[in-house]
Amino acid sequence: MEIKIHDLYKTLLSHFGKQGWWPAEDKFEVIVGAILTQNTAWKNVEKAIDRLKKEKVLSLDGILNIEREVLKELIKPSGFYNQKADRLKSFVEYIDKNYKGNLNLFLHRDTNKVREELLSLNGIGLETADSILLYAGDHAIFVVDAYTRRLCKRLPLLKGMDCDDYESIRKKIERELKRKIKDEKELVKIYKEFHALIVKLAKTYCKKKPVCKKCPLMKKCSFGGV
DNA sequence: ACCCAGGTGGCCC
DNA sequence: GGGCCACATGGG
């Protein structure tokens, strides 16, 4: 049996409730978190963010002016700290140089323009770019991560599509949801919530075992669990 | 002593 | 255009 994407969203929402992503105080914190969480447990990212806050450098100017070696030391708990320090530095330098350090000026423009620019920056790939677009910029872009990809492989919800291709999954999910949701603001809200729910699902039921008997989607899966 | 975590870029074929 | 690999810390 095939699961409709919107039904899957509804099922997850009623099962887990609203997730309220992204957990951050402002746009800049979302961006820092998006870079720091690359292949890293969120718990470790929190430690790094707390340290940046404590040093009062969790701002565009803060990261711009802090010495690279000091920055590395502060974000150490989040791992890959050499490259992540470079990535944070190159991002704030880019915004400073091209947008007078004004994040809103950068974010609030044509979606594809912003996306292209993000992708041109060092260390910002598809998922990080889309996380920033959706959660910091409120653009209607769905974020695909490793969990989403895994879900696509295990659920017959995206039949006939390439589950290894990021863009293919993103566009399919966006198409399906756009068909159902006409209001742009509502769409953005659902993209935010849906991605968070997929992460929640994976963390709750699929930590180790690829197929979990406790999974709430069992009944709807032709093969028994995600 | 493994394996995993809200990825990305570089190199190889 | 896909298949490896390094990147690093902390928790199970």
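Just so we're on the same page: letters track the sequence lines, and every chain starts at 1. No experiment lies behind these values; they were computed from the predicted model shown.
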### Message
Tell me the interatomic distance from A:Arg149, atom CZ, to C:dG2, atom C1', rounded to whole angstroms.
### Response
14 Å

### Query
Considering only heavy atoms, which members of residues 69-96 of chain A lie under 4.0 Å from some atom of DNA chain C?
A:Lys76, A:Pro77, A:Gly79, A:Phe80, A:Tyr81, A:Asn82, A:Gln83

### Query
How close or far is atom C1' of B:dT8 from atom CD of A:Glu127, stated in whole angstroms?
11 Å

### Query
When all nucleic acid strands are considered with a 4.0 Å heavy-atom cut-off, which category describes A:Ile35: base, sugar-phosphate, or nothing?
nothing

### Message
Can you identify which nucleotide, out of B:dT8, C:dG10, B:dG6, has its nearest atom closest to the A:Thr128 side chain?
### Response
B:dT8

### Query
Parallel, tilted or perpendicular: which fits the ring planes of A:His195 and A:Tyr135, with parallel below 30° and perpendicular above 60°?
tilted

### Task
Indicate the ring-plane relationship of A:Phe142 and A:Tyr191, choosing parallel, tilted or perpendicular according to the 30° and 60° boundaries.
perpendicular

### Task
Could you state the atom-to-atom distance from CG of A:Leu201 to P of B:dA5 in whole Å?
13 Å

### Query
What orientation do A:Tyr94 and A:Tyr99 show, parallel under 30°, tilted 30 to 60°, or perpendicular over 60°?
tilted

### Query
So what does A:Leu126 hit on the nucleic acid, given a heavy-atom distance under 4.0 Å: a base, only sugar-phosphate, or nothing?
sugar-phosphate

### Query
Nearest-Å distance, CD1 (A:Ile132) to P (B:dT8)?
10 Å

### Task
Can you tell me the distance, in whole Å, between the CD1 atom of A:Ile198 and the P atom of B:dG6?
14 Å

### Query
How far, in whole Å, is C:dA8 from B:dG10 if one measures between their P atoms?
14 Å

### Query
Going hydrophobic residue to hydrophobic residue with side-chain gaps under 4.5 angstrom, can you get from A:Phe80 over to A:Leu121?
no

## Note on the structure
By nearest-nucleotide position on DNA chain C, the 5'-leaning member of A:Lys43 and A:Gln38 is A:Gln38

## Note on the structure
With the side chain defined as heavy atoms from C-beta on, A:Asn39 is closest, among C:dG11, B:dG9, B:dA5, to B:dA5

### Query
Do A:Lys203 and B:dG6 have a side chain to base donor-acceptor pair shorter than 3.5 Å?
yes

### Residue A:Asp145, side-chain atoms from C-beta onward, closest of B:dA5, B:dG7, C:dG10
B:dG7

### Query
Side-chain donor-acceptor pair under 3.5 Å between A:Asp130 and A:Tyr166, yes or no?
yes

### Task
Check every strand shown and say whether A:Leu36 touches a base, only sugar-phosphate, or nothing at a heavy-atom separation below 4.0 Å.
nothing

### Task
Just say parallel, tilted or perpendicular for the rings of A:Tyr205 and A:Phe16, cut-offs at 30° and 60°.
tilted

### Task
Can you figure out which of B:dG6, C:dG11, B:dG7 approaches the side chain of A:Lys47 most closely?
C:dG11

#### Entry: Spacing of A:Asp50 atom CG relative to C:dG10 atom P, expressed in whole Å
14 Å

### Query
Are the ring centres of A:Trp22 and A:Trp42 closer than 6.0 Å?
yes

#### Entry: Gap between atoms CG and P, on A:Leu118 and B:dG7 respectively (whole Å)
17 Å

### Message
Both A:Leu119 and A:Trp22 contact DNA chain B. Taking the nearest nucleotide for each, which residue is further toward the 5' end?
### Response
A:Trp22

### Query
Quick one: A:Asp165 CG to C:dG2 P, roughly how many Å, whole number?
7 Å

### Query
Hey, does the Lys NZ or Arg CZ of A:Lys72 hover above the aromatic six-ring of A:Tyr81, less than 6.0 Å from the centre and inside 45° of the axis?
no

#### Entry: P gap between B:dG6 and C:dG2, integer Å
26 Å

### Nearest-nucleotide 5' precedence on DNA chain B, A:Ser131 against A:Asn122
A:Ser131

